[in-house]
Amino acid sequence: REAVSSDASLDDRQVEGALRPRALDEFVGQKRVREQLSLVLDSARRRNRAPDHILMSGGPGLGKTTLAMIVAAEMGAPLRITSGPAIERSGDLAAVLSTLQEGEVLFLDEIHRMARPAEEMLYVAMEDYRVDVVVGKGPGATAIPLEIAPFTLVGATTRAGMLPAPLRDRFGFTAHMDFYSPEELEQILNRSAGLLGAPLAEDAAREIAGRSRGTPRIANRLLRRVRDYAEVRGDGHLSLRTARAALELYEVDELGLDRLDRAILDVLMNRFRGGPVGLSTLAVSVGEEAETVEVVAEPFLVRSGFLARTPRGRVATPQAWAHMGLTPPPDAAF
Ligand code: ADP
């Protein structure tokens with residue numbers, strides 16, 4: 001494998017692509033998912049068939065796209081990538097489905113955001129490898145069945161619960177992606193540093209791992225920021241001191257809380273006396289979309305014990321008050 005240079009012309013997204021593991025045994029962590037997936041792929045290979053459709057559920061940056069690419073690579077199959085928001089009408093989906101090659105892996109990111117009419121078309125395609133193309137309008141409209149090549153759908157969603165049951169049921173296997181342990185993140189960081197040719201000290205790797213919110217994408221991003229800092233302000237070595245200084249500059253605290261996390265806690269405590277407050281009110285107050293707050297920030301805040309979801313809304317926990325150095329009002333809701 002070629003090492004990626006730290007050439008400034010490579011933007012972050014390209015670097016992110018270059019850091020992706022290409023095979024299942026390079027993929028760190030998610031042991032259970034890896035085992036399950038490897039079984040699904042082995043059995044498909046044995047039967048010489050396209051593997052069952054696979055649903056990946058989990059937060060952003062946990063490796064869903066990477067795994068979809070690995071599925072295609074391991075099957076030696078071509079890969080097509082699209083996403084729910086890109087499919088606004090069923091015709092958009094028909095165009096993709098009808099041009100799939102035999103055995104192709106279709107990665108449909110954010111599948112829960114696909115247009116409803118397209119969903120129905122997808123059910124039929126998944127089950128019968130068929131697309132019904134509607135010709136004409138009104139009472140004279142007819143559906144012409146079109147056979148499509150057997151393919152494997154890999155759907156990704158940050159919220160499996162948002163998928164209609166008929167869609168969820170058509171997946172042969174659901175991979176639940178969880179947050180990564182600090183040790184796993186350290187392993188990912190060391191691998192990435194190797195690919196980037198960045199000399200990363202052991203204690204620096206541990207420090208970055210601890211602030212990565214259990215998420216490989218964040219770990220890799222922080223690594224690049226620390227590398228930038230080391231190159232510009234230091235001697236190029238990624239030491240513990242450099243890592244701390246860089247992370248402070250980028251406002252990532254010791255627990256990995258970033259600006260948005262702290263804005264949420266700040267609003268929750270200072271404006272709403274610790275809650276309870278509804279998701280949409282909270283989102284408006286920090287100037288973000290509700291989905292961003294719910295999908296990007298909340299899961300980590302909940303897991304870290306800073307935020308609780310109650311039937312009446314979001315509530316700051318005593319740990320949150322302590323972490324932000326604030327005293328809760330006597331009537332605070334916990
Ligand atoms: P998602 O599709 O879930 O948002 P991605 O698959 O795009 O996440 O992963 C984001 C980045 O994190 C990728 O660049 C990849 O290099 C890295 N990554 C994700 N999971 C792993 C893993 N298990 N091992 C190593 N690197 C990973």
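Indexing begins at 1, ligand by ligand and atom by atom, following the structure's order.
Its side chain outside the 4.5 Å cluster rule for every partner, Val284 clusters with none of the Ile, Leu, Val, Met, Phe, Trp and Tyr residues.
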Inset, instruction - Could you please spell out the steps behind the ring-ring contact (aromatic ring centres under 6.0 Å, His included) verdict for Phe151 and His53? - result: CA-CA 8 Å; Phe151 68 105; His53 305 301; 5.4 Å; yes
Inset, instruction - Before giving the answer on side chain to side chain contact (heavy atoms under 4.5 Å, CB included), spell out for Ile218 and Arg211 the whole-Å C-alpha distance, their side-chain angles and the decisive distance to 0.1 Å. - result: CA-CA 9 Å; Ile218 297 179; Arg211 300 197 197 192; over 6 Å; no
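For the pair Arg170 and Tyr123, the cation sits on the ring face: its NZ or CZ lies under 6.0 Å from the ring centre, inside 45° of the axis.
Two different hydrophobic clusters hold Ile81 and Leu108 under the rule that ILVMFWY side chains link at heavy-atom gaps under 4.5 Å.
Of the candidates His323, Arg244, Glu248, His323 is the only one forming a side chain to side chain contact (heavy atoms under 4.5 Å, CB included) with Glu254.
A distance limit of 4.0 angstrom between heavy atoms and ligand 1 selects the residues Glu16, Leu19, Arg20, Pro21, Phe27, Val28, Gly59, Pro60, Gly61, Leu62, Gly63, Lys64, Thr65, Thr66, Tyr180, Ile188, Pro216, Arg217, Asn220.
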